[in-house]
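Side-chain atoms are counted along with the backbone in the values below, which use heavy atoms only and exclude waters and symmetry mates.
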There are 2 protein chains.
Amino acid sequence: MADVAEKAGVSRALVSIIFRDLPGAGRETRERVLRIADEIGYRPDNAARLLARGRSRTLGVLFTVHQTFHTDLIAGIYPEAERLGYDVLLSAATHGRSEEKAVEALLGHRCEAVILLGPDAEPDYLDALSRRTVTVSVSRRVPHARMDFVHSAEGKGVRQAMDHLVELGHRRIVHIDGGRGPGSAERRRAYRAGMRRHGLADEARVIPGFHTEESGIETAHLLLAERERGLPLPTAVLAGNDRCAIGLLMTLTQAGVEVPRDVSVVGYDDSHLSHLMSIGLTTVRQDAVLMAEHAVRFAVDRLQDPEREPREAVLDPKLVVRGTSGPVPREPA
Amino acid sequence: MADVAEKAGVSRALVSIIFRDLPGAGRETRERVLRIADEIGYRPDNAARLLARGRSRTLGVLFTVHQTFHTDLIAGIYPEAERLGYDVLLSAATHGRSEEKAVEALLGHRCEAVILLGPDAEPDYLDALSRRTVTVSVSRRVPHARMDFVHSAEGKGVRQAMDHLVELGHRRIVHIDGGRGPGSAERRRAYRAGMRRHGLADEARVIPGFHTEESGIETAHLLLAERERGLPLPTAVLAGNDRCAIGLLMTLTQAGVEVPRDVSVVGYDDSHLSHLMSIGLTTVRQDAVLMAEHAVRFAVDRLQDPEREPREAVLDPKLVVRGTSGPVPREPA
DNA sequence: GCGCTCTACTAGCGCGCTCTAGTCCGAGTA
DNA sequence: TACTCGGACTAGAGCGCGCTAGTAGAGCGC
């Protein structure tokens, strides 16, 4: 920077002004300085900037590698953050890298706020984190913690899915849950409530699972094995999320079970996986872009006014009927 | 930091020493300082650290959201970087966010080197980038650029796959290519060479595609439409990557085409998608962890010795035979 | 007593930038 | 002429650390 200033015959302060695109520099000087900077290959140093400015204007995002819905969210976070003048830093939790570690990395890089996508860390940790930094959680509520919260009305989504299936004549509807995954508890509860509401409490069955393809595959094997033993297949399956639904679908289809003729399958998320099936996966759509925008805005708002209380956004999910759900089969599958 | 120093009755320098875990501080003082820091909630500020140290010891990673193989790579990058004492920053290219932008974000955050996962940017840009920063490219060769390069021997992989299929009796083997995707050109070339080598040059057929599920789905529709018009299905398909293979498989299976009875399908990557099929996807395994480790090591080595010439690592891929490939059908499908 | 080394610790500069509080100059105003 | 005013620009402090060069004091051999 000093080099640029010297070559241009101005002060460093003016170079700074020009690079921040502030008023206070003449047209001509501005152009000259920029040209010289380009020649020298000067680029402002972020670390020094942050240090001097005292603010980083950077948002940290924690996500879990392999969670497709997270990548959909990330795609939505970038533009909104940019619009509001914030930078985004990503940190992934993986098999060998805990969420704590990933978050500490973000904090270490001076993120002013962190957006946690479906965090799975200990509530105590999240609670402590929320009191240390502006924190937004997407999809997972952390009771008592001082963080903003963006999620969809899981209950409504599941309810729509159930109504849809019941309307199609299904009674033997099972639910593969998502274990400790974000939103699972609510979805499970809504499933049970839905079955009761439709007078199907006796048919209710929750198969423990996870938000992964493997979980869907496993469940499919379980159901197929039951059929071997003479038990009927369910006529409809409400999966914990799309990944699980896809795993289930692949395995069932390959075993000769036709979807939706023999079994209807409904997912959750409407991640880009839903289009994997040529007939399209019937699923409950969570608007990733909208959720991302809310998360970013919550973070930024609280950054601008630290006194502000954390908020909660509950977005309405929407059932998207595609090809994997259909009328209940005439005869038992 | 000053607060900690004061409260502990020592100098800032000593606090610094303690936080960097250097020798030169007494056991007792060390513990006291750490305790006080914890009470105050002091955490060293990275920006100031980087600034003072002149080095960030941070590696930037560019990836493309939704590319599953990238997430596999990321999972491998973290531990190796940590082992070598480097931090990792992620930046994603998405639909509305170009690779250039994502890379600039990394550079802006003072990454000393960038690791590009299957970059798709203009060669000119990549070339310029490689002369500005230590750069490692994974899966995509950029001619003349001054960057390290990690990839697998695409030719060998494809060759193994072809030999496997031919051995099973296949002759009508088509290849869905990956467009401008990383490695596609080499795979396409190897496919053509393989067909010639087996005396099947006349049967060779490359269907243009991309490294996405959609591409596999589209191709399936194309092939099914051809069958409608009386043309035979190919007996085997070599897909551009696993995502494409999965899309193809889903669609074919749903259309009643049995895999591998009617058609054999081989993927490429051995991403975690390969296990989506309960029978398992036959695919060419690229060892993501090994590739990630090479990439990190190349970057770090060149950071330590700037004079060092960029290197190239060619890893041997390995055909993994699973359930989607089988003997050629007796009668035309 | 002296010099020596070793451990524990400190003073203070500098990293590359931003920001506040100015200065300077020329045009407009009374 | 004297004055204000606004645009263009500058001086210099300070952001929170790391690092180099140092000091103080204890222990040791002679």
Side-chain angles (χ1 to χ4, degrees), chain A residues 1-38 40-58 85-87 104-105 107-112 132-133, chain B residues 1-38 40-58 85-87 104-105 107-112 132-133:
Chain A
M1 184 172 187
D3 296 348
V4 175
E6 194 182 348
K7 275 218 179 185
V10 298
S11 68
R12 295 183 307 105
L14 194 59
V15 176
S16 170
I17 284 173
I18 290 170
F19 266 88
R20 280 176 293 150
D21 219 11
L22 294 182
R27 255 186 67 90
E28 204 180 328
T29 321
R30 202 175 282 267
E31 282 166 14
R32 183 161 39 91
V33 167
L34 288 176
R35 188 169 40 74
I36 290 175
D38 195 50
I40 300 189
Y42 163 80
R43 305 163 28 79
D45 180 317
N46 234 304
R49 253 190 176 168
L50 303 192
L51 186 58
R53 183 160 51 194
R55 289 199 51 185
S56 69
R57 294 189 75 85
T58 299
Y86 279 76
D87 244 17
E104 295 306 322
L107 261 27
H109 280 274
R110 247 177 178 248
C111 291
E112 296 181 33
R132 196 167 90 191
T133 318
Chain B
M1 184 173 188
D3 297 348
V4 176
E6 194 181 348
K7 274 217 179 187
V10 297
S11 69
R12 295 184 306 106
L14 194 59
V15 176
S16 170
I17 285 173
I18 290 171
F19 267 88
R20 279 175 293 151
D21 219 11
L22 295 182
R27 255 186 64 91
E28 202 180 330
T29 321
R30 202 174 282 267
E31 281 165 13
R32 182 162 39 94
V33 167
L34 288 177
R35 189 168 40 74
I36 290 176
D38 195 50
I40 300 190
Y42 164 80
R43 308 162 27 78
D45 180 319
N46 234 303
R49 261 198 166 156
L50 303 192
L51 187 58
R53 179 164 54 194
R55 287 200 53 185
S56 70
R57 294 190 76 83
T58 299
Y86 279 77
D87 242 19
E104 296 306 322
L107 261 28
H109 280 274
R110 250 178 174 248
C111 292
E112 295 182 34
R132 193 167 93 192
T133 318

A.B. asks: Any chance you could measure A:Leu14, atom CG, to A:Phe19, atom CZ, to the nearest 0.5 Å?
C.D. replies: 11.0 Å
A.B. asks: Taking B:Pro44's backbone N and O only, do any of them form a donor-acceptor pair with B:Arg49's side chain (distance below 3.5 Å, no angle check)?
C.D. replies: no
A.B. asks: What are the bounds, 5' to 3', of the part of DNA chain D that sits under 4.0 Å from heavy atoms of chain B?
C.D. replies: D:dG16 to D:dC19
A.B. asks: Distance-only criterion, 3.5 Å: show the donor-acceptor pairs between side-chain atoms of residues 22-30 of chain A and protein atoms not counting sequence neighbours.
C.D. replies:
| unit_1 | atom_1 | unit_2 | atom_2 | d |
| --- | --- | --- | --- | --- |
| A:Arg27 | NH2 | A:Glu31 | OE2 | 3.2 |
| A:Arg30 | NH2 | A:Leu22 | O | 2.7 |

A.B. asks: Using atom CG of B:Leu22 as one end and atom P of C:dT7 as the other, report the distance to the nearest whole Å.
C.D. replies: 15 Å
A.B. asks: Got a sec, which residues hit salt bridge (Lys or Arg N to Asp or Glu O under 4.0 Å) with A:Arg35, two or more places apart in sequence or on another chain?
C.D. replies: A:Glu39
A.B. asks: Among all residues two or more places apart in sequence or in another chain, which pass the side-chain hydrogen bond (donor to acceptor under 3.5 Å, both in side chains) test with A:Arg20?
C.D. replies: A:Ser16
A.B. asks: Tell me which residues in residues 40-48 of chain B put a heavy atom below 4.0 Å from DNA chain D, sorted by number, or none.
C.D. replies: B:Tyr42, B:Arg43, B:Pro44, B:Asp45, B:Ala48
A.B. asks: A:Arg57 has an atom CZ; how far is it from atom C1' of C:dT18, in whole Å?
C.D. replies: 14 Å
A.B. asks: Using the side-chain hydrogen bond (donor to acceptor under 3.5 Å, both in side chains) criterion, which residues pair with A:Arg43? Sequence neighbours excluded.
C.D. replies: B:Glu104
A.B. asks: Going by side-chain hydrogen bond (donor to acceptor under 3.5 Å, both in side chains), name the residues that satisfy it together with A:Tyr86, two or more places apart in sequence or in a different chain.
C.D. replies: A:Arg55
A.B. asks: In Å, rounded to the nearest 0.5 Å, how long is the span from CD1 of A:Ile18 to CG of A:Leu34?
C.D. replies: 6.0 Å
A.B. asks: Please enumerate all residues that pass side chain to side chain contact (heavy atoms under 4.5 Å, CB included) together with A:Thr58, with sequence neighbours excluded.
C.D. replies: A:Ser56, A:Asp87, A:Leu89, A:Cys111, B:His109
A.B. asks: I need the A:Glu6 CD to A:Ile36 CD1 distance, nearest 0.5 Å.
C.D. replies: 10.5 Å
A.B. asks: Sequence neighbours left out, what passes side-chain hydrogen bond (donor to acceptor under 3.5 Å, both in side chains) with A:Arg12? Give chain and number order.
C.D. replies: none
A.B. asks: Write down the protein N/O and nucleotide N/O pairs, taken from nucleotides 9-11 of chain C, whose separation is under 3.5 Å; answer none if there are no such pairs.
C.D. replies:
| unit_1 | atom_1 | unit_2 | atom_2 | d |
| --- | --- | --- | --- | --- |
| C:dC9 | OP1 | B:Thr29 | OG1 | 2.8 |
| C:dC9 | OP2 | B:Gly26 | N | 2.8 |
| C:dC9 | OP2 | B:Thr29 | OG1 | 3.2 |
| C:dT10 | OP1 | B:Ser11 | N | 3.2 |
| C:dT10 | OP2 | B:Ser11 | N | 2.6 |
| C:dT10 | OP2 | B:Ser11 | OG | 2.6 |
| C:dT10 | O5' | B:Ser11 | OG | 3.4 |

A.B. asks: Side chain to side chain contact (heavy atoms under 4.5 Å, CB included) with A:Ala48: which residues, sequence neighbours excluded?
C.D. replies: A:Asp45, B:Leu51
A.B. asks: Compare side-chain N and O positions of A:Arg53 against OP1 and OP2 of C:dT18 and report whether any pair is under 4.0 Å apart.
C.D. replies: no
A.B. asks: Could you state the CD-C1' distance from B:Glu31 to C:dA8, rounded to the nearest angstrom?
C.D. replies: 16 Å
A.B. asks: Less than 4.5 Å apart, side chain to side chain, heavy atoms only: is that true for B:Val33 and B:Lys7?
C.D. replies: no
A.B. asks: Please give the stem ranges for DNA chain D, sorted by first residue number, where a stem is three or more consecutive Watson-Crick or G-U pairs and both donor-acceptor distances are under 3.5 Å.
C.D. replies: C:1-30 with D:1-30
